[in-house]
Amino acid sequence: GDQQVLKMTTSPEKVEKKEKEAGLLRKGSSSKKPLKEKVVQIYEAFFKGEDPSLGNPNFWDEFFLMKANVAYIEKAFSKMTPEQLVALKDNINLLFHRCIITLREDYQIRVVNALQTMCSLIRGVYGKSLGDYGFDIINILVGFDAAEAQMQALIETVHSILTGENPAGLKTLSLKLLLILATATDNVSQNTILEYVMINSVFESVVQILANPISRQIHGHDALLLLTILVNYRKYESVNPYIVKLSILDDELALNGLGWVISSALTELNRKYKEKKEEPQGGWFSSITSMVGNMFVGDSDAVSAKVRTNDSILLALYEAVHLNRNFITVLTTSHTESSSGPSSPVTARAVEGTREDELGPQTDQQGGETVQGLPLSSPAPDSSQTTNHMVTFLQYCSIVMQDMKDEQRLCSFKLCLVILTCIAEDQYANSFLHDANMNFVVQLYRMPMRHRKIAVPNTSSRPLACAWLDLTVEFIVTHMMKDFPMELYMKCLGIVHRLLCYQKKCRVRLQYTWKDLWTALINLLKFLIAQEAHLASRHNIFYLAIKVVNLFNLFITYGDTFLPSPTSYDELYYEVIRMHSVFDNLYSMALRHATNHGEHKESATRLTNALVNIRAIVNHFTPKIDSWSAANHLSSLTEDQVLAVVKSNYDTLTLKLQESLDQYERYTEKPKESAFFTQLVRSIISEYRKSISVTTLQQENVLLEFSHIH
């Protein structure tokens, strides 16, 4: 009983105290409702159609001192009907306009709150537009009449934040605002508000970030993602100023910075893959668990499935290579691991992708840690080891192609091949790739396969063209499967063709084990013949076979000008003769389709014509070899004996001169690849939208930077 009396006597005092507190926040509210933040009450008033700023001259100064409640704003929008949203147009316009004005203030807490409020307004309004309601987003968000002036003011102010002496968190948030704007719709070309970002360019801000070694460590990834998305805005419909500016950019610092950001991201992904690959080597327990794990997942899956691809970085690399001739010099510039190599752990973190710790003050993490996590091209941490961005990219390609069971990895590897194709068409890049004085160690990863031994990686230092060829050979050998990636094979053979055309044209004798390539190509033909029934109904396999046969024709017709020695030219003939049954079977298959009026009749006929010289070689040398073995009473000959017969019978061989073997159709994005890139940009945008959660914007640590401000 005593306790109850005690409660009764203290209770009214508590109630009175609560009522006083509530009074500070809410006029005339009932004490039974839970307390609300002051800022939430203000939002509520705005979203009810009221204007709490009327008659209060200090309202906005005080409003932006209150911490923005991003989660509340986004939730409020999600509950609205489209009709309610349209009715609130004036209030949303007012809030947006006030945010833009506040961005110009020196008092940075206000600027941060204004940025966060704008981010959530944009996401809220665009989130609603996904319905069927046909209203115009620009009008709801900014108001048509004011849009041009408002957007100009916004972009100019963001530009000055990004290029001025401002804390990292503020710049990150400004980039996030632009990215939220750029990624607001699935299809970037339907995002009409970006017309204002075309008129008022942020290109210069991005260039400045990339050119500065400190700012690019923190903001490089976001800046590059923004540029990549803007380059893809209506790129096939109208003149896009970002395409024009990127294609003529010749600022060496900015181009090097662009290469550095890309290479840093790829280096980090390579490093993660290497760590995963080396993980299961920790005692008997981990051996058992990895063994059990691998019973259910293929070896390659166990590793590569955990290392995600980074399509936005690959797309940035593609746009730079495709649009800007000057960027090739960045790719071909060598540096030692310890100098300008992308290596800082902070870099890796800032570049990796959007994460929730990314808005915080990162400058204090950068001290003295610039030479950790060497790019994987080095066999040992030797400070004099030379590398370059191309080495990093090639290694990344070898990782992506390890496991292409899902659509996303297939797309990633296709993009890798498109990038390699563009580079292989560049004369300057080719001279670098084939330069005998420019040697690199490239550690390419190989897929574990049942029928081959675990390969010892080639750690010899060679011209980069050798690693390119190794990569293509590895792809050819490891992807002959039922679900045949025909397009990737065509692109892969196209890359080999481009390298050979350069070698033939410039008479470059590359010291390469060409037999690896010949064997891979013959095995591919073998596969096409064996799987004819399954593949011919799905793909034009004759078109692919023509590509393979014409590579052999290029070697046969011009090999003496670019193969490393007369011996390797002899070995080419030896391989063709030794594997003649494959070419015989291919000819029979082509002849059958050429005469039975099937859908691939034309390609099959072209294939029979392409085989003319290979058949001439086989028909010329086989009887000579047979008669020599009969004369010498030998049932089987050694390689040297066959080669001796070949060498002594070259002069009587007649070959037909085939035209256009050293010609190829240059790569063009439009119209062939337009749909691919549209879809790729769509998926990059969607990924980014998922990664930007409310919590990313609602950052405590953004405000920590300004905690000294009172």
Rounded distance [0.5 Å steps], [atom1] in [X] versus [atom2] in [Y]:
{"X": "Asp470", "Y": "Leu394", "atom1": "CG", "atom2": "CG", "answer": "10.0 Å"}
{"X": "Leu493", "Y": "Leu524", "atom1": "CG", "atom2": "CG", "answer": "6.5 Å"}
{"X": "Met490", "Y": "Leu417", "atom1": "CE", "atom2": "CG", "answer": "12.5 Å"}
{"X": "Leu528", "Y": "His539", "atom1": "CG", "atom2": "NE2", "answer": "10.0 Å"}
{"X": "Tyr502", "Y": "Gln427", "atom1": "OH", "atom2": "CD", "answer": "5.5 Å"}
{"X": "Asp516", "Y": "Leu521", "atom1": "CG", "atom2": "CG", "answer": "11.0 Å"}

Ring centres of [X] and [Y] under 6.0 Å apart?
{"X": "His534", "Y": "Phe484", "result": "no"}
{"X": "Tyr242", "Y": "Tyr233", "result": "no"}
{"X": "Tyr569", "Y": "Tyr573", "result": "yes"}

Between the main-chain N or O of [Y] and the side-chain N or O of [X], is there a donor-acceptor pair closer than 3.5 Å?
{"X": "Arg409", "Y": "Asp403", "result": "yes"}
{"X": "Arg216", "Y": "Leu210", "result": "yes"}
{"X": "Asp560", "Y": "Pro566", "result": "no"}
{"X": "Gln658", "Y": "Asn553", "result": "no"}
{"X": "Asp662", "Y": "Lys504", "result": "no"}
{"X": "Asn324", "Y": "Leu246", "result": "yes"}
{"X": "His479", "Y": "Met401", "result": "yes"}
{"X": "Asn240", "Y": "Val231", "result": "yes"}
{"X": "Arg498", "Y": "Glu425", "result": "no"}
{"X": "Asn310", "Y": "Leu266", "result": "no"}

Which atom of [X] lies closest to which atom of [Y], heavy atoms considered:
{"X": "Ile685", "Y": "Thr183", "answer": "CG2-O, 3.5 Å"}
{"X": "Tyr318", "Y": "Val418", "answer": "CE1-CG1, 3.5 Å"}
{"X": "Ala467", "Y": "Leu444", "answer": "O-CD1, 3.6 Å"}
{"X": "Trp518", "Y": "Leu563", "answer": "CZ2-CD2, 4.0 Å"}
{"X": "Ile209", "Y": "Ser215", "answer": "O-OG, 2.8 Å"}
{"X": "Tyr512", "Y": "Cys466", "answer": "CE1-O, 3.6 Å"}

Look at the aromatic rings of Phe475 and Tyr489 and report parallel, tilted or perpendicular, splitting at 30° and 60°.
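Geometry flag for Tyr489 against Phe475: tilted rings.
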Do [X] and [Y] sit within salt-bridge range, that is, some charged N less than 4.0 Å from a carboxylate O?
{"X": "Lys405", "Y": "Asp483", "value": "no"}
{"X": "Lys414", "Y": "Glu673", "value": "yes"}
{"X": "Glu474", "Y": "Arg446", "value": "yes"}
{"X": "Glu319", "Y": "Lys235", "value": "yes"}
{"X": "Lys272", "Y": "Glu275", "value": "no"}

With a 4.5 Å limit on heavy-atom distance, are the side chains of [X] and [Y] in contact?
{"X": "Leu314", "Y": "Cys416", "answer": "yes"}
{"X": "Trp468", "Y": "Ile423", "answer": "yes"}
{"X": "Ser334", "Y": "Phe440", "answer": "yes"}
{"X": "Leu433", "Y": "Met390", "answer": "yes"}
{"X": "Tyr445", "Y": "Gln443", "answer": "yes"}
{"X": "Leu607", "Y": "Leu586", "answer": "yes"}
{"X": "His434", "Y": "Leu499", "answer": "yes"}
{"X": "Leu680", "Y": "Leu315", "answer": "yes"}

Pick out which of Thr387, Asn270, Leu269 makes a side-chain contact (heavy atoms from CB on, under 4.5 Å) with Gln395.
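Only one of Thr387, Asn270, Leu269 forms a side-chain contact (heavy atoms from CB on, under 4.5 Å) with Gln395, namely Asn270.
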Under 3.5 Å side-chain donor-acceptor pair for Asn326 and Glu252
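Side chains of Asn326 and Glu252: no pair found under 3.5 Å.
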Criterion side chain to side chain contact (heavy atoms under 4.5 Å, CB included) on Phe432 and Thr329, from CA distance to verdict
CA-CA 9 Å; Phe432 171 76; Thr329 54; over 6 Å; no
Evaluate the criterion salt bridge (Lys or Arg N to Asp or Glu O under 4.0 Å) for residue pair Lys672 and Glu665; output intermediate values, then yes/no.
CA-CA 12 Å; Lys672 275 187 186 170; Glu665 190 185 335; 3.6 Å; yes
Any chance CZ of Arg509 has more than 12 other-residue heavy atoms, nucleotides or ligands included, within less than 6.0 Å?
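Atom CZ in Arg509 is packed in, count exceeds 12.
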Look at atom OH of Tyr664 and say whether more than 12 heavy atoms of other residues, nucleotides or ligands are closer to it than 6.0 Å.
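More than 12 heavy atoms, drawn from other residues, nucleotides or ligands, come within 6.0 Å of this atom.
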Could you walk me through whether Phe393 and Ser263 pass side chain to side chain contact (heavy atoms under 4.5 Å, CB included), step by step?
CA-CA 7 Å; Phe393 176 56; Ser263 202; over 6 Å; no
Before you tell me yes or no, could you show the steps for Ser674 and Glu669 under side chain to side chain donor-acceptor pair (under 3.5 Å), namely the whole-Å CA-CA distance, both residues' side-chain angles and the distance that decides it to 0.1 Å?
CA-CA 6 Å; Ser674 308; Glu669 182 180 320; 5.8 Å; no
CA sep, side-chain torsions, deciding dist, call: Asp311, Ser412, side chain to side chain donor-acceptor pair (under 3.5 Å):
CA-CA 6 Å; Asp311 288 349; Ser412 282; 2.4 Å; yes
Would you sort out whether Lys482 and Gln531 count as a side chain to side chain contact (heavy atoms under 4.5 Å, CB included), showing the intermediate values?
CA-CA 8 Å; Lys482 276 262 164 68; Gln531 298 293 327; 3.7 Å; yes
Step by step, work out the side chain to side chain contact (heavy atoms under 4.5 Å, CB included) result for Asn388 and Leu464.
CA-CA 10 Å; Asn388 83 340; Leu464 272 178; 4.0 Å; yes
